[in-house]
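Notes for the one structure printed next.
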Amino acid sequence: MKALKQAIAIIVISTAAVLPGCGNKPLLTEMTTHKLIVIMKGTYESNSPAPWSIPTERVPDPDDISKLVYTVGHRALVQDDSVNKCDAINDDNPSVFLMDIAEVRLADSQGKLHKFSNFRQNFSFTMDDANPFFNGTGYIMDNDDVPSKLYPAVMIYMRKMLMDGAQKYVPQSEGWSASPMWDVFAEKQYPCLNFNKMQVHSFYDTLRYESSYFNRVFPVVVPIQDAALGMIYNDAFPVTVLEIRFVIKNFVKKYEYQSYINDVFTTIHYFAMSDWLQDVKKDEIDIGGNLLMVARSYIPGLTGKISGINPYGTGAHIIAIPAGADINDYTIPGERDAINPPGTLLTDAYKPGTITITPPKSPRFYNDCDLSKKPSAYLGSNINQALDYYLKTEQYNYNWNERVPSSCGSFDDYKDGWDTFKRDVGNFRLPQLAVWAAAGTAFSFENVPPGNYDIYVANVEPRYGYLYYDGQFGAVPQWSNVSVSAGGNTGL
């Protein structure tokens, strides 16, 4: 009966994701009477996004075709190293992304907040190239107009973010017993998990009191980093567009955490955004700091276009940034480790262990003073949970002694390590204008505000679950200081 309920729920979710109801309104078919239109997209790119490329999770075992094994690409790029207690085979890649937004506010240049979308909205999106949220078209939110002002930031109050595919595992004598996780979305139960509740700091500056209490997503503050330092809204114009992008497409990973449900030790697998920027380590629950967002604004009719041809022999991301801006603001310090050619990862179907793939390392990996978080004290009466607490405490003591004082010898070292980490991840920003183009094909940046731009091309193919490190965007000399005028089409 439960399997039937799960199948029905998945059908309901998938159907809701393609219908115009439930708050979802495709951009090209929705009429509006408002002068401020808010568009949401789930892509790194502002238009022409790369196709979905999540690696296949399972293939037949070459030694026994009656069995299934994970592909090397899936293990390396989708399965996070936090998956260490239960390497089960029942997990399926997610197919639906759900979002429950309490409200959206705009912050003006005087710090005043404007509740211009002061009502709850639910969204559901199938994770495929047909869905406007992921194909570059975008969806329109419900909102009201605001006073004519300068707005440097938009604030989004997330209630829930969910994906399907979550499973819970209970150890049995014959192995792991699997069943789907269920959660509530729009007051109904679906086979999903709300990973928004784990959106606090994914790292622990353990000597700071608030290290594990700072919530990153209520609200999430998204700067509108236009050339004028914000969105200039003037109701004299017929329409102003505010575009908000969440990096979700090709940026999803599988995580694991342990819990006691009805006093039974349970391991949960779920999907959320990649921890490329702030790594989630083994036995950690918090995944915050990895929700990457960018916002921009433009006035239709007063924008231009930049067109060109991808000069490389591989598919590549191409970005346009304000002329003279530092390209390293849009990347983080280099990988420092050699990796396999990225183009081989997504189609790899070999048996696990036959090929070694080393994914890039997060900046957290290189912080010698990243000390373990002390387990929270257990005050209950369950003997299994008490033993689990003491085991975690011993592991904490071991990890601390391993680094202090051998690699983290002083408090100054500790401060420097965390200052470097904060600088590496805190200064990172997403480009407002980005496209993906196949090898040798034409591309164009759409709805570009007038101004001058430098164009950069990634010199590595996109890697599932990762963005870019320093040195991975190359400048094309003749594509610098490109001028864009209203109504113009600047050819490169």
Side-chain angles (χ1 to χ4, degrees), residues 75-76 79-87 169 171 195 197-216 253-260 265-270 272 274-290 332-333 335-337 356 358-380 382-426:
R75 284 182 180 273
Q79 182 165 297
D80 186 65
D81 59 5
S82 64
V83 180
N84 67 99
K85 290 289 194 301
C86 171
D87 195 11
Y169 295 92
F195 60 85
K197 58 190 175 184
M198 276 79 82
Q199 290 283 353
V200 295
H201 271 305
S202 62
F203 60 89
Y204 298 100
D205 183 348
T206 51
L207 300 186
R208 293 180 63 88
Y209 173 77
E210 72 275 20
S211 60
S212 62
Y213 298 96
F214 183 63
N215 190 303
R216 296 297 292 252
K253 290 181 74 172
K254 178 174 70 177
Y255 300 93
E256 175 184 278
Y257 74 93
Q258 288 77 48
S259 181
Y260 283 86
F265 177 77
T266 305
T267 299
I268 291 93
H269 287 181
Y270 70 97
S274 172
D275 61 347
W276 164 82
L277 195 65
Q278 302 192 85
D279 181 39
V280 176
K281 294 188 175 182
K282 295 178 181 179
D283 299 319
E284 291 181 354
I285 295 179
D286 300 341
I287 63 171
N290 292 303
I332 64 170
E335 303 176 49
R336 307 176 223 186
D337 287 9
T356 300
T358 304
K361 298 295 193 298
S362 161
R364 187 180 180 191
F365 177 84
Y366 300 100
N367 183 359
D368 290 333
C369 291
D370 179 13
L371 307 176
S372 299
K373 177 192 176 186
K374 186 175 183 179
S376 300
Y378 177 67
L379 303 176
N382 183 284
I383 185 63
N384 291 322
Q385 295 184 50
L387 290 173
D388 191 44
Y389 163 72
Y390 287 118
L391 286 172
K392 289 181 178 178
T393 300
E394 288 304 310
Q395 183 65 46
Y396 160 75
N397 292 334
Y398 175 82
N399 291 339
W400 183 283
N401 292 331
E402 189 179 40
R403 293 201 171 194
V404 179
S406 60
S407 60
C408 186
S410 69
F411 188 60
D412 286 339
D413 291 339
Y414 181 88
K415 291 189 295 182
D416 291 344
W418 280 107
D419 287 346
T420 299
F421 174 82
K422 182 178 180 181
R423 182 170 59 251
D424 288 348
V425 301

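Excluded from the calculations below are hydrogen atoms, water molecules and symmetry mates; all remaining heavy atoms, backbone and side chain alike, are included. We're numbering straight along the sequence, starting at 1.
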Residue set satisfying disulfide (SG to SG under 2.5 Å) with C408, at least two apart, ordered chain then number -> C369
So, for G288 and Q199, which heavy atoms are closest and what is the spacing to 0.1 Å? CA-OE1, 3.5 Å
With N290, which residues qualify under side-chain hydrogen bond (donor to acceptor under 3.5 Å, both in side chains), at least two apart? none
At what distance, to the nearest 0.5 angstrom, does NZ of K374 lie from OG1 of T393? 7.5 Å
What residues form a side chain to side chain contact (heavy atoms under 4.5 Å, CB included) with T266, not counting sequence neighbours? K168, V170, I261, V264, I268
Please identify each residue that fulfils salt bridge (Lys or Arg N to Asp or Glu O under 4.0 Å) with K253, with sequence neighbours left out. D80, D275
Of D286, D370, D81, the residue whose pairing with K281 passes salt bridge (charged side-chain N to carboxylate O under 4.0 Å, His left out): D370
Rounded to the nearest 0.5 angstrom, the CE-OH distance for M198 and Y270 is 4.0 Å
Smallest heavy-atom separation, I332 atom then D424 atom, equals CG2-O, 3.6 Å
Is any side-chain heavy atom of T420 closer than 4.5 Å to a side-chain heavy atom of Y366? no
Could you tell me which residues satisfy salt bridge (Lys or Arg N to Asp or Glu O under 4.0 Å) with D87, sequence neighbours excluded, listed by chain and number? R75
Once you round to the nearest 0.5 Å, how far does CG of D368 lie from OG of S406? 8.5 Å
Going by ring pair (Phe, Tyr, Trp, His ring centres under 6.0 Å), name the residues that satisfy it together with F421, two or more places apart in sequence or in a different chain. F203, W418
Keeping to residues at least two apart or across chains, list the salt bridge (charged side-chain N to carboxylate O under 4.0 Å, His left out) pairs with something in residues 398-412. D412-K415
Nearest heavy-atom approach of L277 to P363 is O-CD, 3.5 Å
Side chains of D283 and K85, heavy atoms from C-beta outward: is any pair under 4.5 Å? yes
For the residue pair D205 and Y414, establish whether any side-chain heavy-atom pair is separated by less than 4.5 Å. yes
List in chain and number order the residues that pass side-chain hydrogen bond (donor to acceptor under 3.5 Å, both in side chains) with S410, two or more places apart in sequence or in another chain; answer none if no residue qualifies. D413
Checking N399 against S372: is there a side-chain donor and acceptor pair closer than 3.5 Å? yes
Sequence neighbours left out, what passes side-chain hydrogen bond (donor to acceptor under 3.5 Å, both in side chains) with T267? Give chain and number order. none
So, using side-chain hydrogen bond (donor to acceptor under 3.5 Å, both in side chains) as the criterion, who are the partners of N84 when residues are at least two apart? none
Scan for salt bridge (charged side-chain N to carboxylate O under 4.0 Å, His left out) pairs involving residues 388-400, sequence neighbours excluded, and state none if there are none. D388-K392
Give, for atom CD of E256 and atom SG of C86, the distance between the pair rounded to the nearest 0.5 Å. 6.0 Å
Residues in side chain to side chain contact (heavy atoms under 4.5 Å, CB included) with P171, at least two apart? W176, F265
Side chains of K373 and E284, heavy atoms from C-beta outward: is any pair under 4.5 Å? no
